[in-house]
Amino acid sequence: MDEPVINPEESNFGEILQQFELEQTAPAEPQPVEGGVLQGTVAAVNEDSIFVDLGGKSEGVLLKSAFADGVPDVQVGDRIQVTVTGRSAEGALELSPLKVERPKDWSELQAAFEEKRNIGGRVVEAVKGGLRVEVAGSRAFMPASRSGTRDVIELAKLVGQEIECRVINLDTVKEDVVVDRRVILEEQAAKAKEAAFLALTEGAVMTGRVRSVTDFGAFLDLGGVDGLLHVTDMSWHRVGKPADVVKIGDELEVKILKINKNSKKVSLGLKQLVPDPWAAAADQFKVGDRVQGSVARLTDFGAFIELAPGVDGLVHVSEMSWAKKVRKPSDMLKVGDQVEVAILDFKPADKKIQLSLKQTLGDPFAEAVKKYPVGSIVEAPVTSIQAFGAFVDLGDGVDGMIHIGDMVNEKRIDHPKDVVKVGEVVRALVLEVDRERRRIRLGLKQLQPTKTDDFIAEHQVGETLTARVADVRANLLKVEVADGVLGECRLQEEKKEAGGGKSAPSAAASVDVSALTAMLSAKWKEGKGGEPAAKGAAAIKVGQVRSFRIIHLDAAAKKIGLELIG
């Protein structure tokens, strides 16, 4: 039969295709799997066996007795296709010759083409753009790009070899046949990969080779199946870049964490093969402990402190300083700083530790409480003014608050800025110390004299005065002794002195029996006996001007006691 006619245009296209595809990576060699068809290299030949290198660390033994039609003339270095039949007791792969149908005539060749069956052939020579393969008495053309080889050297080694191929083009008129070997290798590789994938189990530990490294992890070859070792599963320590831990070509022992059968993805772990440092941390650290650590990294909301290898805790920005409001953690710390921190909260199950930097520096509020007890007087500058009051600086980051209602006496103000201004040093009285809310309340008006204070300072017990009755309630009179100043007068037979203020002398305070008898007689004659207090109160009206004697002055309580004398 004449050789197929090669169209010049097809020949040119074949050259271009060869030049391009020979530069590409050929399909990965399939891994040895029982029943699989593989291509290997003859490593050694003795009287009984042919030893075949199947790539990687795999080697098989092909007995010469397995060839029914006679042992082929093979030399060391020849490429040969074989089928894996099992393993020997020593663990070596047992091989058999490739058993594939070889069409005897054109009709069988056409049937194999229509049914897309694999056929056997023998490579007889290398030609421009590929190889000539003898099938069914004809010489078929196999493009270099469909040979399954990586380079020209490998392509040349196929000459003289028995191969398995598939007819991809059959022109009966021209008797032109084109065969493909690469598609078979790819199918075999896919089957081997599927078999290798199915052999994987979650929790298993196996060795893989790093095939590539990315920003988020590394891909490992697990014997035909790729697995992802994510950066978070490389180490219990924080890993900045995967390249800092692994490099291409490294062989690592890893644990299979998860297998997704739908997406064919395999997740691997490296750190899972060593103890979790958080397990030991549960016994090592307790809430309230003060521990040393190193600043591992900074974020917008705080700083992570490494307390032990693989164990980090967070110092929130609010726990960095008592004295000032920290806006950025970098204002206080930098990576690598050695710091002492206090453990505020520890949840080993969640792998979270809350830390505080300021707790180790001493609480200035506790010192302020000792320095400024209730009733003490402070002098401090105003730092800010709000609608409800003003804040003053008591030092070391401790503020005192003056409410608008504690700023002035006896009048209402619209805004604190009407009384104080930022930067002004004010004198205030400590009114309240709230430890839980960490608040110190101050007052300005408590140190300012009132009209009542002025009246008490200007008068003495025993003085008489004329005043207007402002209110009458049973036996109690409210008396306006001066503009905006009220005193109290109780209408009783006996006046009880109130302690704590300026009181009348003992002679004035003692009862004058003769004067009292004369007063009672006069009231009896006037028909006012029996219930003098009640009738006296009934007779007194709001707005009346009467005569009173001062019987009590209490500056601390701002009280004025009076006695009705007329």
Side-chain angles (χ1 to χ4, degrees), residues 17-18 20-43 52-60 62 78-87 93-100 116-121 123 130-131 133 142-155 157-158 161-168 179-200 206-212 219-228 248-249 251 256 259-266 268:
L17 188 62
Q18 178 192 20
F20 173 75
E21 295 201 0
L22 283 180
E23 296 175 356
Q24 308 303 308
T25 302
E29 290 291 338
Q31 297 299 309
V33 59
E34 189 170 344
V37 178
L38 298 176
Q39 179 172 335
T41 302
V42 176
V52 183
D53 181 2
L54 299 174
K57 297 182 179 180
S58 300
E59 189 174 88
L62 175 61
D78 287 350
R79 298 287 288 175
I80 185 172
Q81 282 191 303
V82 293
T83 301
V84 179
T85 59
R87 285 185 182 271
L93 292 173
E94 295 178 340
L95 308 175
S96 67
L98 177 64
K99 296 178 180 179
V100 64
K116 296 183 179 180
R117 284 188 284 109
N118 296 348
I119 63 173
V123 180
L131 299 170
V133 183
M142 183 169 66
S145 62
R146 306 311 303 172
S147 66
T149 57
R150 290 182 172 86
D151 51 38
V152 177
I153 296 176
E154 280 193 14
L155 184 69
K157 287 182 179 181
L158 288 179
Q161 302 293 317
E162 291 285 335
I163 66 168
E164 187 176 4
C165 56
R166 186 176 299 166
V167 180
I168 59 174
V179 294
D180 186 344
R181 176 173 174 264
R182 178 175 173 174
V183 65
I184 297 175
L185 295 179
E186 289 175 343
E187 289 175 355
Q188 291 172 354
K191 289 179 181 179
K193 183 175 182 179
E194 178 66 18
F197 180 81
L198 294 176
L200 300 177
M206 60 189 305
T207 301
R209 184 178 60 84
V210 178
R211 185 175 59 80
S212 64
F219 286 95
L220 275 66
D221 181 4
L222 304 175
V225 180
D226 279 352
L228 172 62
I248 294 175
E251 288 195 353
I256 298 177
I259 298 174
N260 189 322
K261 294 184 179 180
N262 295 325
S263 63
K264 305 294 183 184
K265 292 182 179 179
V266 181
L268 306 174

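Closest heavy-atom contact between Ile184 and Asp180: CD1-O, 4.1 Å. Nearest approach of Ala43 to Glu59, heavy atoms of both residues: CB-OE2, 4.1 Å. For the residue pair Gly223 and Ala196, the shortest heavy atom distance occurs at O-CB, 3.7 Å. When all heavy atoms of Val183 and Arg146 are compared, the closest pair comes out as N-NH2, 4.0 Å. The shortest heavy-atom contact between Val179 and Pro143 is O-CD, 3.8 Å.
The CD1 atom of Ile168 sits 11.5 Å away from the CZ atom of Arg182 when rounded to the nearest 0.5 Å. Note that CG of Leu155 is 13.5 Å distant from CZ of Arg150, once rounded to the nearest 0.5 Å. To the nearest 0.5 Å, atoms CZ (Arg166) and CD (Glu187) are separated by 4.0 Å. Note that the CD1 atom of Ile163 and the CG atom of Asn118 stand 11.0 Å from one another [nearest 0.5 Å]. Between atom CG of residue Asn260 and atom CZ of residue Phe197 there is a gap of 7.0 Å, rounded to the nearest 0.5 Å. A distance of 7.0 Å separates CG of Leu268 from CG of Leu228, quoted to the nearest 0.5 Å.
Scanning for salt bridge (Lys or Arg N to Asp or Glu O under 4.0 Å) contacts around Asp78 gives an empty result, with sequence neighbours left out. Taking Arg117 as the reference, Glu101, Glu115 meet the salt bridge (Lys or Arg N to Asp or Glu O under 4.0 Å) condition, with sequence neighbours excluded.
Atom NZ of Lys264 has more than 12 neighbouring heavy atoms from other residues, nucleotides or ligands inside a 6.0 Å radius.
Counting heavy atoms from C-beta on, the side chains of Thr41 and Lys157 never come closer than 4.5 Å. The closest side-chain heavy-atom distance from Met206 to Leu200 is below 4.5 Å.
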